[in-house]
Amino acid sequence: MSIRIEKAESLKQKPESKKIPFGQVFTDHMFVMDYEEGQGWYDPRIVPYAPITLDPAAMIFHYGQTVFEGLKAYRTKDGGTLLFRPDKNMQRLNKSNRRMSIPEIDEEEVLGYIKQLVEIEKDWVPEFEGTSLYIRPFIISTEPNLAVAPSKTYKLMVILSPVGPYFAGGMKPVRIKVEDEFTRAVKGGTGAAKTAGNYSAAYRAQANAKQEGHADVLWLDGVEKRYIEEVGSMNIFFKIDGKVVTPALSGSILEGVTRMSVLELLKDWDIPVEERKISVAELYQYYEEGKLEEAFGAGTAAVISPVGRLDWLGNTMTINDEEVGPLAKRLYDEITGIQLGEREDTKGWSVNV
Ligand code: COI
């Protein structure tokens, strides 16, 4: 489909240091495309970044039929712009679409539009250490109708935001609370889809955890509240007695692109990995035996974020003296090295814009 481009008349000021708060600064342009039943997706366009108008009865406001994605563009030393495994984000967007009864997109076509948008905004890709241009594609249901049924019209939009680290301290290990009251997702629910409600339903628990000095919560399975799932903003990994253990995808865990990249790297490095159910009680047992060597999260926004302390029902697990562990550091260096075009990309993960 041919794309319409309308350039902004005036351009905004770009961040001038690496201190860019996550998700609060937006670029000059955005991508928009509409969908109507019978017609399909139509009118792809890049237009000046601006508020949009929606009918108050638009279904997104009432039943939350929506999906989103998160990927990043990186500035290379020679001034180029790279995306990291964007095909995986497009595949996951369609997986979320299927779960949320939203019409699928043409993955290659939408990726092409994202590349065009990033190309137009390439001066917004920050060059400071630890920064990147966060790309947020999302789809909202727009039909004005209070019926509890899928919308007949949608809007796909892509906005761009120069970002620094997701956790304010950067690579500094974070403290996480094992959530014992609320539930993020259950098998058969929407936990494996990237949909808004999974995130807003976490706010209550996150607010409680933050009051106690935690950066986020670690979710347990919704049925038995025993098995570790994910953090919400990232998947979780533990290094236990030389082996890496991460919860197996259960149907209620988001399949992170960074998670799959970590698993592939660990296999390449001959580090034993187990994707399996792991209960928090089992983890605590390893901790008491002195076998819990490292814990870290992996996500697009979070990259690799070491976990220095886990608190669970009054039990504290202090991991690696709350220092960055060697494996988290190695993974961070390798992944960001590939993302920035500074390390050899033997797997073809980086895509030129
Ligand atoms: C991402 O890592 O891209 C996400 O979507 C997580 C979000 C909570 C920032």
Side-chain angles (χ1 to χ4, degrees), residues 20-26 64 66-74 82-97 99-100 110-111 114 118 125 130-140 156-171 174 176 179 182 184-185 190-207 209-210 214-219 229-237 246 249 252-263 296-307 331-332 335-336 339 349:
I20 318 173
F22 185 86
Q24 294 178 35
V25 181
F26 299 96
T66 180
V67 293
F68 73 96
E69 263 307 321
L71 62 158
K72 284 175 171 172
Y74 304 85
L82 293 176
L83 302 177
F84 185 71
R85 311 189 79 178
D87 51 318
K88 297 288 174 206
N89 295 88
M90 295 299 102
Q91 281 168 17
R92 192 173 60 184
L93 186 58
N94 264 341
K95 192 174 165 202
S96 301
N97 281 339
R99 178 64 186 86
M100 297 304 291
V110 171
L111 180 52
I114 291 176
V118 174
V125 185
T131 62
S132 54
L133 185 68
Y134 188 75
I135 304 170
R136 171 54 62 87
F138 61 103
I139 302 176
I140 52 172
L156 183 160
M157 302 183 67
V158 183
I159 55 174
L160 307 177
S161 173
V163 294
Y166 181 69
F167 292 113
M171 253 302 253
V174 289
I176 301 276
E179 178 54 40
F182 298 103
R184 176 184 176 273
T190 59
K194 227 165 159 53
T195 187
N198 291 341
Y199 295 79
S200 50
Y203 295 163
R204 184 72 270 141
Q206 281 170 340
K210 279 182 185 158
H214 298 99
D216 214 328
V217 299
L218 177 62
W219 296 102
E229 298 235 304
E230 59 159 273
V231 174
S233 51
M234 55 190 191
N235 295 110
I236 189 84
F237 290 80
T246 192
L249 298 175
S252 52
I253 295 176
L254 191 87
E255 187 175 0
V257 178
T258 315
R259 177 187 183 277
M260 69 178 80
S261 308
V262 165
L263 291 174
F296 55 89
T300 298
V303 197
I304 299 292
S305 287
V307 176
L331 284 162
Y332 179 89
I335 290 175
T336 56
Q339 289 170 336
W349 285 347

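Atoms within a ligand are numbered from 1 in the order they appear, just like the ligands themselves.
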Open item on the list: Any non-hydrogen side-chain atom of Arg136 less than 4.5 Å from a side-chain atom of Ser161?
Closed with: no
TODO: Tell me which part of Lys194 gets within contact of ligand 1: side chain, backbone, both or neither, using heavy atoms under 4.0 Å.
DONE: side chain
- [ ] For atom 1 (C) of ligand 1, state which one of Phe68, Phe22, Tyr199, Tyr134 supplies the nearest heavy atom.
- [x] Tyr134
Open item on the list: What I want to find out is whether Lys88 reaches Glu255 closely enough, with some N-O distance under 4.0 Å, to be called a salt bridge.
Closed with: no
TODO: State the atoms of ligand 1, each with its element, that fall below the 4.0 Å cut-off from a heavy-atom position in Tyr166.
DONE: 8 (C), 9 (C)
Task: Side chain to side chain, Tyr199 and Lys194, heavy atoms closer than 4.5 Å - done: yes
Open item on the list: Looking at Glu69 and Arg92, is there a salt bridge between them, counting it only when a charged N and a carboxylate O are closer than 4.0 Å?
Closed with: yes
Task: Minimum heavy-atom distance between Ala202 and Trp219, given as atom pair plus value - done: CB-CZ2, 3.4 Å
- [ ] Examine ligand 1 and decide if any of its atoms is less than 4.0 Å from a heavy atom belonging to Arg136.
- [x] yes
Open item on the list: Could you identify the single nearest non-hydrogen protein atom to atom 2 (O) of ligand 1 and state the distance to 0.1 Å?
Closed with: Ala301 N, 2.9 Å
